[in-house]
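Note sheet for the following structure.
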Protein chains: 2
Amino acid sequence: MGVRMKEVASRAGVSVKTVSNVVNGYLHVAPTTRERVQQAIDEMGYRPNLSARSLRSGRTGIIAVALPRLDEPYFAELAAAVIEVAEQRGCTVLVDQTDGLREREQVAVAGIRPDLIDGLILSPLALGADDLVSPAAGAPPLVLLGERVSDTGFDHVAIDNVAAARTATDHLLSLGRRRLAAIGGMQAVAAQTARLRLEGFAAALQDAGRTVLPGHVQEVEAFRREDGARAMDRLLDLPEPPDAVYCFSDLLALGALHALHRRGVRVPQDVAVIGTDDIAESRFSTPTLSTVVQDQVEIATLAVEALLHRLDGGHDDAPREHTVGFELRVRESTVAGAR
Amino acid sequence: MGVRMKEVASRAGVSVKTVSNVVNGYLHVAPTTRERVQQAIDEMGYRPNLSARSLRSGRTGIIAVALPRLDEPYFAELAAAVIEVAEQRGCTVLVDQTDGLREREQVAVAGIRPDLIDGLILSPLALGADDLVSPAAGAPPLVLLGERVSDTGFDHVAIDNVAAARTATDHLLSLGRRRLAAIGGMQAVAAQTARLRLEGFAAALQDAGRTVLPGHVQEVEAFRREDGARAMDRLLDLPEPPDAVYCFSDLLALGALHALHRRGVRVPQDVAVIGTDDIAESRFSTPTLSTVVQDQVEIATLAVEALLHRLDGGHDDAPREHTVGFELRVRESTVAGAR
DNA sequence: CGCCTGTGTTCCAACGATGTAAACCGGACA
DNA sequence: TGTCCGGTTTACATCGTTGGAACACAGGCG
């Protein structure tokens with residue numbers, strides 16, 4: 001163990017509490033005392049014991065972020081942003097992987113190590129409204145990312161998925177494509193994100209006076225490359241394959257690109273492809289991938305600040321909804337005119 | 001806060017210590033007492049307060065993993081593996097991003113929140129031997145990943161980079177390629193990994209009776225896609241461009257593929273490309289990428305277990321070296337015969 | 001000159017768990 | 001009957017910190 005507050009105190013010739021006051025920036029400490037104490041702290045390299053502090057104060061300075069898997073680029077980038085933002089705010093981040101399993105998400109909400117964590121940022125995949133009805137008494141504050149699971153009484157940060165889906169779909173229509181398909185539908189009851197993107201897709205088609213062709217919405221098990229590739233294979237096997245595909249994630253889109261390439265279909269000439277997320281990989285794929293972006297740093301910032309706000313006395317404020325913007329990025333996979 | 005041990009004790013009609021004994025599986029507790037206490041625990045949903053336990057026992061059950069950036073797929077996959085393995089062993093994982101900066105790696109070694117962490121797994125980029133000479137007294141045990149910084153007195157998990165580089169290079173030679181280039185050299189003093197891979201590359205060429213052609217070893221700033229793309233551009237601008245490229249990471253290789261495609265060079269017909277790491281992306285790129293793999297789960301397992309071993313009394317054991325195997329995965333980017 | 005106010009500091013009791021040493025208890029043995 | 005003994009349980013101090021009450025001391029006021 002390192003230096004204790006007691007030792008600093010005796011070196012500075014004051015009591016332990018005075019050292020504590022200096023460390024915590026308490027107001028009424030004489031400048032000369034403060035300086036003397038600070039000097040002792042620096043000389044001895046004192047750093048407060050967080051277990052003790054947390055035992056006493058109930059705060060640890062640790063927040064947890066629970067997400068499906070860290071090896072999916074979207075979540076990795078999200079986690080990176082959360083860690084960076086949290087660090088700027090003086091917090092450390094503990095990462096929990098839920099695998100998108102309801103059970104594990106429930107555990108996370110109930111509080112992974114409730115006494116160690118000041119708050120939780122959760123990116124739910126499987127969790128439904130039922131799981132969130134009664135926040136456990138001792139559970140730390142919670143911020144939900146992604147789609148609103150329904151009115152849950154928790155803070156929430158999301159993009160407008162319906163509008164984002166419309167934007168992507170409109171873009172494909174603007175290229176003159178007519179047989180539009182979507183990859184990423186999901187059966188799971190709780191798959192709000194997929195449902196909303198599908199809703200936006202269908203709405204955009206309808207507004208353009210078109211309808212969703214049979215078989216042109218492909219369901220997937222998860223938003224992975226292999227699911228995208230398989231879905232694309234199925235689309236290509238249709239009697240009237242699509243000439244444009246909207247994918248609910250970049251990974252799905254990259255999988256689709258892979259399948260298209262394997263079968264010798266040209267992108268964007270034969271089939272235009274657009275994704276969602278703008279992960280780094282999409283800027284280097286062959287061809288580069290058009291996509292709809294949400295700003296991860298903005299999401300992370302809003303989430304961390306929402307947590308910190310609750311911790312700083314905002315315990316009982318009404319839950320807030322934050323909606324972050326999105327943006328269309330056009331790259332090679334949907335270049336206009338290339339036909 | 002939740003239930004306290006005191007309340008469980010009074011409910012079971014025993015002292016606090018007895019509850020503690022039951023919780024910690026102490027031997028001499030009468031079966032009937034144990035059962036009564038256990039029942040009280042279950043009924044009240046008691047869970048020990050970890051801050052308090054850690055204050056008293058000095059253990060938190062949290063290990064930290066410090067790596068450059070979570071949004072680089074290689075490290076994301078590594079972190080995912082560490083978290084998974086740690087969880088199986090009952091530990092939670094705190095993630096710290098160093099950005100590969102020496103200063104931040106030093107901070108990590110000195111102990112990010114030393115009292116909160118039982119041990120640290122560090123994947124150093126910039127850290128040299130000097131930074132590791134004198135383990136701070138209070139600092140938690142440390143396991144180094146990747147190249148041995150030199151004899152540092154710490155446990156270490158790595159692959160044999162020289163052998164891996166030889167394997168990759170030999171593979172390119174076996175295709176009949178003659179003008180081999182490497183992407184990934186680094187100037188930084190501490191860039192051991194780059195140096196060793198370069199060493200293996202050069203040795204393999206020499207054994208085949210060839211030498212490294214001028215300009216055929218491209219330096220990079222970091223192992224990112226954009227660095228790979230730029231390096232590939234420079235190689236293609238040479239009077240005698242290479243017909244095969246060994247990249248020190250998959251990201252570099254993917255960047256190189258991107259540059260090759262942009263300039264209309266065919267892979268593998270005109271230039272064969274091989275990477276290192278086997279990140280998921282490499283299995284879906286166009287063309288799919290050949291690579292040399294190390295087993296991330298094995299690395300993570302060895303690292304976590306090395307830490308736990310130290311914690312379980314192995315404090316003063318001699319530092320151990322673990323070398324994990326690697327394997328060549330041949331994909332489209334180096335298909336033999338395609339010329 | 002004593003009283004009050006406000007500032008700066010100290011003392012003491014927590015926070016919730018665990019290690020230590022001592023107490024308890026019934027039975028075995030002398 | 002008394003002592004000893006092992007297993008079982010308890011009381012108490014303790015980990016390092018912070019909150020609150022208490023205290024000391026100055027200056028301003030009546």
Side-chain angles (χ1 to χ4, degrees), chain A residues 1-38 40-41 44-62 111 113-118 138 311 313, chain B residues 1-38 40-41 44-62 111 113-118 137-138 140 311 313:
Chain A
M1 282 279 164
V3 188
R4 272 146 269 165
M5 199 176 254
K6 199 185 202 169
E7 308 173 48
V8 176
S10 92
R11 169 147 188 165
V14 295
S15 78
V16 200
K17 187 69 221 291
T18 301
V19 178
S20 166
N21 286 339
V22 170
V23 170
N24 295 1
Y26 179 69
L27 284 174
H28 303 301
V29 178
T32 61
T33 315
R34 158 159 286 139
E35 193 179 343
R36 194 151 35 97
V37 171
Q38 189 59 53
I41 289 178
M44 310 181 75
Y46 167 78
R47 292 182 58 181
N49 177 319
L50 294 180
S51 294
R53 167 179 290 176
S54 117
L55 174 59
R56 190 63 243 229
S57 69
R59 287 270 291 265
T60 60
I62 300 186
R113 326 200 86 185
D115 297 307
L116 263 185
I117 281 171
D118 287 347
L311 293 175
Chain B
M1 284 280 164
V3 187
R4 272 145 273 169
M5 198 176 255
K6 197 184 201 170
E7 309 174 45
V8 176
S10 92
R11 171 150 189 158
V14 296
S15 79
V16 202
K17 188 68 222 290
T18 301
V19 179
S20 167
N21 286 340
V22 171
V23 170
N24 295 359
Y26 179 68
L27 284 174
H28 302 302
V29 177
T32 61
T33 316
R34 159 161 285 141
E35 192 179 343
R36 195 151 34 97
V37 171
Q38 189 59 53
I41 288 178
M44 309 181 75
Y46 168 78
R47 293 183 56 181
N49 177 321
L50 295 180
S51 294
R53 169 178 290 176
S54 121
L55 174 60
R56 193 65 245 244
S57 69
R59 286 272 290 266
T60 59
I62 300 186
R113 326 198 89 183
D115 297 305
L116 262 186
I117 283 171
D118 287 348
L311 292 175

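Here is how names work: the chains are called A, B, and so on, in the same order as the sequence lines, proteins then strands, and each is numbered from 1. Keep in mind that this is a model prediction, so the values were computed, not measured. These values consider heavy atoms only, across backbone and side chains, with no hydrogens, waters or symmetry-generated copies.
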Exercise. Closest approach of B:V8 and B:A40, non-hydrogen atoms and distance?
Worked result: CG1-CB, 3.9 Å

For this session: Rounded to the nearest angstrom, tell me the gap between atom CE in B:M5 and atom P in C:dG16.
Result: 12 Å

Exercise. Choosing from C:dG8, D:dT18, C:dG16, which nucleotide comes nearest the side chain of B:R56?
Worked result: C:dG16

For this session: Report which part of the nucleic acid B:V29 touches: base, sugar-phosphate, or nothing (heavy-atom distance under 4.0 Å, all strands).
Result: sugar-phosphate

For this session: Mind checking side chain to side chain donor-acceptor pair (under 3.5 Å) for B:R11 and listing every partner two or more places apart, or none if nothing turns up?
Result: B:E43

Problem set entry | Protein-nucleotide distance (A:L55, atom CG; D:dG16, atom P), rounded to Å | 12 Å

Exercise. Which angle, rounded to 10°, do you find between the first-five-pair axis and the last-five-pair axis of the helix from C:dC1-D:dG30 to C:dA30-D:dT1?
Worked result: 70°

Seminar exercise, completed: Closest heavy-atom pair, A:V19 versus A:M5, reported as atoms and distance to 0.1 Å, is CG1-CG, 3.5 Å

Exercise. Below 4.0 angstrom from OP1 or OP2 of C:dG19, is there any side-chain N or O of B:S20?
Worked result: no

Exercise. Do A:T18 and A:S15 have side chains that get closer than 4.5 Å, going by heavy atoms?
Worked result: yes

Exercise. Has B:Y26 got a side-chain N or O lying under 4.0 Å from the OP1 or OP2 atom of D:dG7?
Worked result: no

For this session: Using whole Å, report how far CD of A:E7 lies from P of D:dG16.
Result: 9 Å

Problem set entry | Value in whole Å for how far the C1' atom of C:dG19 lies from NE2 of B:H28 | 15 Å

Problem set entry | Stepwise side chain to side chain contact (heavy atoms under 4.5 Å, CB included) check, B:Q38 with B:V29 | CA-CA 12 Å; B:Q38 189 59 53; B:V29 177; over 6 Å; no

Exercise. What's the CG-P distance between B:N24 and C:dG16, to the nearest Å?
Worked result: 17 Å

Dump the pairs, protein N or O against N or O of nucleotides 10-12 of chain D, anything under 3.5 Å, distances to one decimal.
{"unit_1": "D:dT10", "atom_1": "OP1", "unit_2": "B:S15", "atom_2": "N", "d": "3.4"}
{"unit_1": "D:dT10", "atom_1": "OP2", "unit_2": "B:S15", "atom_2": "N", "d": "2.9"}
{"unit_1": "D:dT10", "atom_1": "OP2", "unit_2": "B:S15", "atom_2": "OG", "d": "3.0"}
{"unit_1": "D:dT10", "atom_1": "OP2", "unit_2": "B:T18", "atom_2": "OG1", "d": "2.5"}

Exercise. Any side-chain heavy-atom pair from A:R36 and A:V22 closer than 4.5 angstrom?
Worked result: no

For this session: Report yes if a side-chain nitrogen or oxygen of A:T33 is closer than 4.0 Å to either non-bridging phosphate oxygen (OP1 or OP2) of C:dT9; otherwise report no.
Result: yes

Exercise. Which atoms form the tightest heavy-atom contact between B:Y46 and B:V3, and what is the distance?
Worked result: CD1-O, 3.4 Å

For this session: State, to 0.1 Å, how close A:D118 and A:G61 come at their nearest heavy-atom pair, and which atoms those are.
Result: OD2-N, 2.7 Å

For this session: Check step by step if side chain to side chain contact (heavy atoms under 4.5 Å, CB included) holds for B:N24 and B:R53.
Result: CA-CA 11 Å; B:N24 295 359; B:R53 169 178 290 176; 3.6 Å; yes

Seminar exercise, completed: Rounded to whole Å, the CD-C1' distance (A:E35 to C:dG8) equals 17 Å

Exercise. With respect to the phosphate group of D:dC15, does any side-chain polar atom (N or O) of A:N49 fall under 4.0 Å of OP1 or OP2?
Worked result: no

Seminar exercise, completed: Comparing B:R34 with A:Y46, nearest DNA chain D nucleotide closer to 5' gives the residue B:R34

